[in-house]
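First the structure, in the form of structure tokens, and then the observations on it.
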Amino acid sequence: MRLERASLLGYLKNPEEKAVLAKVLDSAETVLRNHRPLLTSFYDPYHTGLIASILERIQDIDFASYGGYDLSERVRTVIFPDYLEGEVFDYEITLLAVEGNFKMVKVNHRDFLGSLLGLGIKREMVGDLIVSDKGCQVMVAREIAPYLMANLTKVHKVRVEVREICPEELKLPELKVKEIKTTVASLRLDTVAAAGFGTSRSRIAREIQAERLNLNWHSCSDVAASVKSGDMLSIRGRGRVEIAEVKGNTKSGRISIVLKRYL
């Protein structure tokens, strides 16, 4: 079955986004033809949302996403015939522990990811990385796990060992959430972001104009952009703010909202 790609992809302007979704449509056509599930690579929440928006418009298929643990940020999406709804799918994700003596060397997420990509691994083959004092736990596509276990030997000049672990060995960071109940004059991006990150509108406006703030995982330089319930705001190094609820207007004409700040 050939899908109407012009109508499904015509609205996209970004070449990278169009390329990702073209691959997804290739997979959807194969699923419709062969009646077998197929997996995408790992994608961030923004691209996963784009994938979902395309797949929702295609008849006779369904989809689900998973990244190795609940609340994963980067996930793989399985595309399957809709009559298989309720089936348990194998997302072909391997959990690896990258361990070494990092007591004297401070390393971060970027160091571990750089070492992985330095081996020629594509970013979309790697899911979340959870950094700890002992090293890093990383979700990867199953097919690259043996290569990483054999070839990843150093991270930032520290010798490491890589081993496969089971889900029970995952040590997830404690999720700290601060609920903020407030009112705003409007649902402009700068107004809501200022309330969520606890700063002034002028300061957050500079962050937005410098494209340091992401709206739904995508950079946005428009301070007056409209936001809504379910949107996610993020600034690297300062956490994320979810617009959990827009409750409506108060008697004074302001808008009552509930925000969740993930620290």
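The figures that follow rest on heavy atoms only: side chains count, while hydrogens, waters and symmetry mates do not. Because the structure is predicted, anything quoted here is derived from the model rather than measured. One-based numbering along the sequence shown.
Linking ILVMFWY side-chain heavy atoms closer than 4.5 Å, directly or via other members, places I144 and V138 in a single hydrophobic cluster. Linking Ile, Leu, Val, Met, Phe, Trp and Tyr residues whenever their side-chain heavy atoms come within less than 4.5 Å leaves M139 and L129 in two separate clusters. V140 and V98 fall within the same hydrophobic cluster, defined by Ile, Leu, Val, Met, Phe, Trp and Tyr side-chain heavy atoms under 4.5 Å apart, directly or through other members. In the hydrophobic clustering of this structure, V20 groups with I54; members are Ile, Leu, Val, Met, Phe, Trp, Tyr whose side-chain heavy atoms approach within less than 4.5 Å, directly or through other members. A single hydrophobic cluster is seen to contain both V131 and V126, as judged by linkage of ILVMFWY side chains at heavy-atom distances under 4.5 Å, directly or through other members.
With hydrogens and angles disregarded, a donor-acceptor distance shorter than 3.5 Å links the side chain of D128 to the backbone of R74. Of the possible donor and acceptor atoms, none in the side chain of E245 sits under 3.5 Å from a partner among the backbone N and O of S229. In terms of modelled atom types and a separation under 3.5 Å, the side chain of R36 and the main chain of V31 share no donor-acceptor contact.
Partners of S65 according to the side chain to side chain donor-acceptor pair (under 3.5 Å) rule, which considers only residues two or more places apart in sequence or in another chain, are T77. Every side chain to side chain contact (heavy atoms under 4.5 Å, CB included) that A244 has, sequence neighbours left out, goes to V258, K260. Judged as a side chain to side chain contact (heavy atoms under 4.5 Å, CB included), and not counting sequence neighbours, the contacts of R212 are E207, A210. Every residue two or more places apart in sequence or in another chain that forms a side chain to side chain contact (heavy atoms under 4.5 Å, CB included) with S202 is listed here: S200, R206. Take S132 and apply the side chain to side chain donor-acceptor pair (under 3.5 Å) test, not counting sequence neighbours, and it matches no residue. With sequence neighbours left out, the side chain to side chain contact (heavy atoms under 4.5 Å, CB included) criterion links N101 to K103.
Using a 4.5 Å heavy-atom threshold, the side chains of P45 and E73 count as touching. Residues Y69 and P167 fail the side-chain proximity criterion, which asks for heavy atoms closer than 4.5 Å. A 4.5 Å side-chain heavy-atom check between R261 and R240 finds every atom pair outside the cut-off.
Judged purely by distance below 3.5 Å, without hydrogens or angles, the side chains of R254 and T183 pair a donor atom with an acceptor atom.
To the nearest 0.5 Å, atoms OG (S72) and CG (D44) are separated by 13.0 Å. Between atom CG of residue D26 and atom OG1 of residue T40 there is a gap of 13.0 Å, rounded to the nearest 0.5 Å. Atom CE of M232 is separated from atom CD of E242 by 4.5 Å, given to the nearest 0.5 angstrom. To the nearest 0.5 Å, atom CD of residue E168 and atom CG of residue L95 are 9.5 Å apart. Between atom CD1 of residue I130 and atom SG of residue C136 there is a gap of 8.0 Å, rounded to the nearest 0.5 Å. If you take CD on Q137 and NZ on K171, they are separated by 7.0 Å, rounding to the nearest 0.5 Å.
Minimum heavy-atom separation, N216 to G230: OD1-O, 4.4 Å. Minimum interatomic distance between G68 and I93 (heavy atoms only, all atoms of both residues): N-CD1, 3.7 Å. The two residues S41 and E124 come nearest to each other via the heavy atoms CB-O, 3.2 Å. Nearest heavy atoms, T191 versus S186: CG2-O, 3.7 Å. Pairing each heavy atom of E164 with each of L96, the nearest pair is CA-CD2, 3.8 Å. Heavy-atom minimum distance, I165 versus A97: CG2-CB, 3.7 Å.
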Please table the atom pairs, donor to acceptor, closer than 3.5 Å between any side-chain atom in residues 78-90 and protein atoms at least two apart or in another chain.
unit_1 : atom_1 : unit_2 : atom_2 : d
D90    : OD1    : E92    : N      : 2.8
D90    : OD1    : R142   : NH2    : 2.9
D90    : OD2    : R142   : NH1    : 3.0
D90    : OD2    : R142   : NH2    : 3.2

For residues 107-120, dump all side-chain donor-acceptor pairs below 3.5 Å to protein atoms at least two apart in sequence or in another chain.
unit_1 : atom_1 : unit_2 : atom_2 : d
N108   : OD1    : R110   : N      : 3.0
N108   : OD1    : D111   : N      : 3.1
D111   : OD2    : N108   : N      : 2.9
S115   : OG     : D111   : O      : 3.1

For residues 149-159, dump all side-chain donor-acceptor pairs below 3.5 Å to protein atoms at least two apart in sequence or in another chain.
unit_1 : atom_1 : unit_2 : atom_2 : d
N151   : ND2    : Y147   : O      : 2.9

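By the 6.0 Å contact criterion, CD on E169 is enclosed, its count of non-hydrogen atoms from other residues, nucleotides or ligands being greater than 12.
Residue pairs meeting the ring-ring contact (aromatic ring centres under 6.0 Å, His included) criterion with at least one partner in residues 26-63, sequence neighbours excluded, are Y46-H218. The salt bridge (Lys or Arg N to Asp or Glu O under 4.0 Å) pairs that include a residue from residues 220-230 are K228-D231, where partners are two or more places apart or lie in different chains.
With side-chain heavy atoms closer than 4.5 Å counting as contact, directly or through intermediates, the hydrophobic cluster containing L213 also holds I180, V184, L187, L189, V192, F197, I204, I208, L215, V223, V227, L233, I235, V241, I243, V246, I255, I257, L259.
With S27 as the fixed residue, the side chain to side chain contact (heavy atoms under 4.5 Å, CB included) test singles out one of L38, L55, I61: L38.
Geometrically, R76 does not engage Y91 in a cation-pi contact defined by less than 6.0 Å to the ring centre and at most 45° from the axis.
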Exercise for the section: Would you sort out whether S221 and E211 count as a side chain to side chain contact (heavy atoms under 4.5 Å, CB included), showing the intermediate values? Expected result: CA-CA 5 Å; S221 60; E211 296 188 351; 3.8 Å; yes

